[in-house]
2 protein chains.
Amino acid sequence: MIQYNRDNMAELLRAHDINPTHQRIEIAYALFSRQEHLSADQVMTIVNDRHAETSKATVYNTLNLFLEKGLIREVIVDPSKVFYDPNTGPHHHLYEVDSGRLTDIMMDDIRIEGLPDLPAGMETVGIDLIVRVKHTT
Amino acid sequence: MIQYNRDNMAELLRAHDINPTHQRIEIAYALFSRQEHLSADQVMTIVNDRHAETSKATVYNTLNLFLEKGLIREVIVDPSKVFYDPNTGPHHHLYEVDSGRLTDIMMDDIRIEGLPDLPAGMETVGIDLIVRVKHTT
DNA sequence: CTAGGATTTGGACTATGTCTAACTCTCAGA
DNA sequence: TCTGAGAGTTAGACATAGTCCAAATCCTAG
Ligand SMILES: [Mn+2]
Ligand SMILES: [Mn+2]
Ligand SMILES: [Zn+2]
Ligand SMILES: [Zn+2]
């Protein structure tokens, strides 16, 4: 249970070869302190909660930079927006289609067996398992 | 190996409680004759290839109607567009992130084991497995 | 200090998808 | 054969996520 603060965010960014600026630290802190799946818009709202200081362009620039550098991952479950996930370890997702809530399924006990061999000349980038659920009426 | 034509498209639509109009038949035929995963935009292009006869609004109206009626399913793998899938049987997907190609993985041999129990009051809507691959450079 | 590269910014722009009000088609009834 | 009401289609306005750009600002090496 690490306590995340702005200082170790800067370290984390440097460890991923990212120059830690004010805006980048705030955005990383929004994601890592909550350990939640956030949309770009939610990140923007959180970061600008007290006084607006980070533009939309910077939020998107930064999230894409974090993705490139492998600091976060994206989760594509909703056609209308991408979720950003501070947990880059192997795990899967449970998506509540009615509420829009997205939570982790730890992968410890999940086995996916019988996947066919990949076509030649291809390599796996990732395997996403999404369990879509809804509330029983 | 069914040969799809516009006549059995009309039958298929009726069997799914959909009134078969010209536009709906063309859109269904685009998907079922190809057995491919198409975006709304691709459907629009195919259907209007010879002479434009179907509007964007109708393409979207129709695809959403087909979804509601369970005639097709949607596949969410790309943050920028939805793919529509004429195969509603249980199966999974292989997504080539560099080319955008989306193909089926038949589910016969795939087993997903160890999924935790659902939280109470929830029921599964679907389980999506997406294998993301890229071409080795 | 200062200059130059890195970063951030507002706002224009693109693209997917939705909505609406008008128009057209179909077909049952007269 | 005519008619009109409901179903379906349409153009184009609208909403929204995300990208792009040129100008402004920030940082830091010298
Ligand atoms: Mn990492
Ligand atoms: Mn069916
Ligand atoms: Zn996650
Ligand atoms: Zn498929």
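Computed from a predicted model, the values in this text were never measured in an experiment. Chain letters run A, B, ... following the sequence lines, proteins first, then strands; residues in each count from 1.
For A:Leu65 and C:dA6, the CG to P distance is 13 Å, given to the nearest whole Å. Per the geometry, CD belonging to A:Glu74 stands 16 Å off P belonging to D:dA17, to the nearest Å. Rounded to a whole Å, the CG atom of B:Leu63 is 12 Å from the P atom of D:dT9. Rounded to a whole Å, the NZ atom of B:Lys81 is 14 Å from the C1' atom of C:dG17. In this entry the distance linking CD of B:Glu68 with P of D:dG8 reads 12 Å, nearest Å. Remark: P of D:dG8 and CD1 of B:Ile18 are 10 Å apart, rounded to the nearest angstrom. For the pair A:Glu53 CD and D:dT25 C1', the computed distance is 15 Å after rounding to whole Å.
The side-chain heavy atoms of A:Arg24 and A:Leu71, taken from C-beta on, include no pair separated by under 4.5 Å. Using a 4.5 Å cut-off on side-chain heavy atoms (C-beta onward), A:Glu96 and A:Lys134 make no contact. By the 4.5 Å heavy-atom criterion applied to side chains, A:Leu67 and A:Ile72 are counted as neighbours.
Of the residues in residues 19-46 of chain A, those with a non-hydrogen atom less than 4.0 angstrom from any atom of DNA chain C are A:Asn19, A:Thr21, A:Gln23, A:Arg24. The stretch residues 54-61 of chain B touches DNA chain D through B:Thr54, B:Ser55, B:Lys56, B:Ala57, B:Thr58, B:Asn61, each having a heavy atom under 4.0 angstrom from the strand.
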- Are A:Ile112 and B:His92 close enough, and set up right, to give a side-chain contact (heavy atoms from CB on, under 4.5 Å), and what steps lead you there? CA-CA 12 Å; A:Ile112 300 171; B:His92 298 303; over 6 Å; no
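Counting only distance, with no hydrogens or angles, the side chain of B:Asn8 and the backbone of B:Asn5 share a donor-acceptor pair below 3.5 Å. Listed for the A:His91 side chain is no donor-acceptor partner under 3.5 Å among the backbone atoms of A:Asp104. Between the side chain of B:Asp85 and the backbone N or O of B:Val75, no donor-acceptor pair lies under 3.5 Å.
When only modelled atom types and interatomic distance are considered, A:Ser80 and A:Asp78 share a side-chain donor-acceptor pair under 3.5 Å.
Contacts of B:Asn64 with the nucleic acid, taken as non-hydrogen atoms under 4.0 Å apart, involve only primed sugar atoms and P, OP1 or OP2.
Taking hydrophobic clusters as Ile, Leu, Val, Met, Phe, Trp and Tyr residues chained together by side-chain heavy-atom distances below 4.5 Å, A:Tyr84 does not share a cluster with A:Val77.
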